[in-house]
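In what follows, chains carry the letters A, B, and so on, assigned in the order in which the sequence lines appear, proteins first and then strands, with residues in each chain numbered from 1.
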There are 2 protein chains.
Amino acid sequence: MSNSSVLGYALLGLIQQRPSSGYDLRKIFAETAMGNYSSSPGAIYPALERLESQGLIYGVVKDSAGLRRRRLYRLTPTGTAELRKWLTRPIEQSHVKRGMAELMLRFAFMERTLGADSSVAFLQNLRAVVRAYTSGLETYFRANAEHMPLSGRLALQCGIRGFRSIYLWTSHAIRMYRKPPSLLTSGPAKTRKGGPG
Amino acid sequence: MSNSSVLGYALLGLIQQRPSSGYDLRKIFAETAMGNYSSSPGAIYPALERLESQGLIYGVVKDSAGLRRRRLYRLTPTGTAELRKWLTRPIEQSHVKRGMAELMLRFAFMERTLGADSSVAFLQNLRAVVRAYTSGLETYFRANAEHMPLSGRLALQCGIRGFRSIYLWTSHAIRMYRKPPSLLTSGPAKTRKGGPG
DNA sequence: TCCACCATGTAACTGGTTACATGATTAC
DNA sequence: GTAATCATGTAACCAGTTACATGGTGGA
């Protein structure tokens with residue numbers, strides 16, 4: 001039952017959005033902004049088999065339209081529950097440190113599954129954890145910068161800036177949930193007022 | 001000879017900076033800002049064995065000071081060459097998309113191994129690729145935003161902002177190489193002027 | 001006929017994770 | 001003596017990569 005592979009959850013979330021075949025899912029990874037995930041058949045099909053063997057999804061072969069049979073997957077109740085469990089996991093600093101992509105994935109699926117209020121709560125939680133983590137990095141930077149080579153210092157700064165950017169984004173995202181969004185503005189990285197740390 | 005594991009290159013780079021034992025390297029991953037890499041013995045020691053069997057490093061057992069013998073690793077000429085080969089690889093969009101951490105690692109090791117001029121060239125190259133990639137994402141966003149749920153839009157925006165932040169950082173870093181740095185300022189994410197896209 | 005595309009699979013390999021094992025030294 | 005820390009390893013497991021296999025359909 002305890003799943004653990006990020007790809008597995010990505011598949012779970014996508015299948016929940018709409019019943020899909022392996023091919024559909026591969027296309028999503030290959031053609032949309034979710035392209036940071038695998039898309040290779042050697043990853044997708046075994047992952048789907050695992051999910052099915054765990055009882056989280058079930059596939060029905062459709063022989064529709066004379067094409068080769070495609071196996072359409074849907075979530076089982078267990079699968080839905082597992083997805084929710086994943087989405088509601090508490091956010092830890094280690095996730096921010098090494099698994100930001102997974103947190104984003106959770107956020108992307110959250111609205112649909114748990115509703116907008118949960119998304120806002122998640123964002124607020126994330127903002128706090130990111131802020132704490134960033135300020136830890138800044139402390140580390142202040143303590144160690146003078147002993148580091150320029151390149152090391154700059155690389156660390158890049159990381160810090162990245163997290164500050166995420167911090168700002170969480171605020172932006174929360175605002176967007178509060179009032180209906182004006183579409184098509186991704187918003188520049190503004191001067192931060194009262195950012196993390 | 002063709003290595004490919006990022007951890008392997010991280011080890012190569014660190015060993016080049018100073019001869020190290022597995023334990024030393026684990027400590028670096030566990031205690032410094034390089035903590036995004038593994039640090040578990042089950043990752044480090046086998047990786048070191050692989051590097052040694054490929055002739056990229058060699059280990060000498062030091063029985064110094066009565067402690068348990070520690071195996072100090074150094075780069076072989078082949079290892080140095082391999083490191084340089086990795087550092088001078090051309091930057092591709094796919095690296096920016098899925099392997100930003102590896103690019104940062106390359107940058108962090110570059111100054112020491114290839115000199116500051118190479119670092120600046122790398123940054124300029126990176127800046128161009130990041131800009132192109134970001135502007136692709138922005139185009140995708142403009143084309144698809146209206147068909148995406150708010151959460152999807154926001155997640156994508158987060159990515160775009162992240163890359164804009166990296167873009168700004170490359171400019172900052174180039175400036176830092178041009179004139180001696182004023183230490184201890186990691187610099188806020190400023191309003192961008194003429195950013196990517 | 002042959003190619004491109006739809007669609008699913010499989011097998012070998014690689015490398016990281018977790019967890020455990022071992023043993024030496026230092027400090028109390 | 002015993003706990004903490006230094007230091008290296010090992011084994012089972014798991015998931016992803018690459019590359020190949022298969023086979024149906026529609027169009028040139």
Does [N] have OP1 or OP2 under 4.0 Å away from a side-chain N or O of [X]?
X: B:Arg70; N: D:dT5; value: no
X: A:Ser5; N: D:dC14; value: no
X: A:Tyr23; N: C:dC6; value: yes

Looking across every strand, which nucleic acid part, if any, lies under 4.0 Å from [X] by heavy atom: base, sugar-phosphate, or nothing?
X: B:Leu7; result: sugar-phosphate
X: A:Gly22; result: sugar-phosphate
X: A:Ser40; result: base

Q. Between C:dT10, D:dG9, D:dT17, which one does the side chain of A:Pro46 approach most closely?
A. C:dT10
Using whole Å, what does the distance between atom [atom2] of nucleotide [N] and atom [atom1] of [X] come to?
X: A:Arg26; N: C:dT8; atom1: CZ; atom2: P; result: 9 Å
X: A:Tyr45; N: D:dG16; atom1: OH; atom2: C1'; result: 16 Å
X: A:Leu51; N: D:dG16; atom1: CG; atom2: P; result: 10 Å
X: B:Glu49; N: D:dA11; atom1: CD; atom2: C1'; result: 13 Å
X: B:Tyr37; N: C:dT17; atom1: OH; atom2: C1'; result: 17 Å
X: B:Ile44; N: D:dC6; atom1: CD1; atom2: P; result: 16 Å
X: B:Leu25; N: D:dA7; atom1: CG; atom2: C1'; result: 12 Å
X: B:Asp24; N: D:dC6; atom1: CG; atom2: P; result: 11 Å

Q) Any side-chain donor-acceptor pair under 3.5 Å between B:Tyr9 and B:Glu102? A) no
(Q) Side chains of B:Arg164 and B:Thr134: any donor to acceptor distance under 3.5 Å? (A) no
Q.
What's the separation between atom NE2 in B:His172 and atom CD1 in B:Ile166, rounded to the nearest 0.5 Å?
A. 14.0 Å
Q: Name all residues meeting the ring pair (Phe, Tyr, Trp, His ring centres under 6.0 Å) criterion together with A:Tyr133; count only those two or more places apart in sequence or in a different chain, and write none if there are none.
A: A:Phe163
Q. Going by the salt bridge (charged side-chain N to carboxylate O under 4.0 Å, His left out) test, which pairs reach into residues 13-29 of chain A, not counting sequence neighbours?
A. A:Asp24-A:Arg70
Q: Starting from the 5' end of DNA chain C, give me the residue, B:Arg50 or B:Pro41, whose nearest nucleotide shows up first.
A: B:Arg50
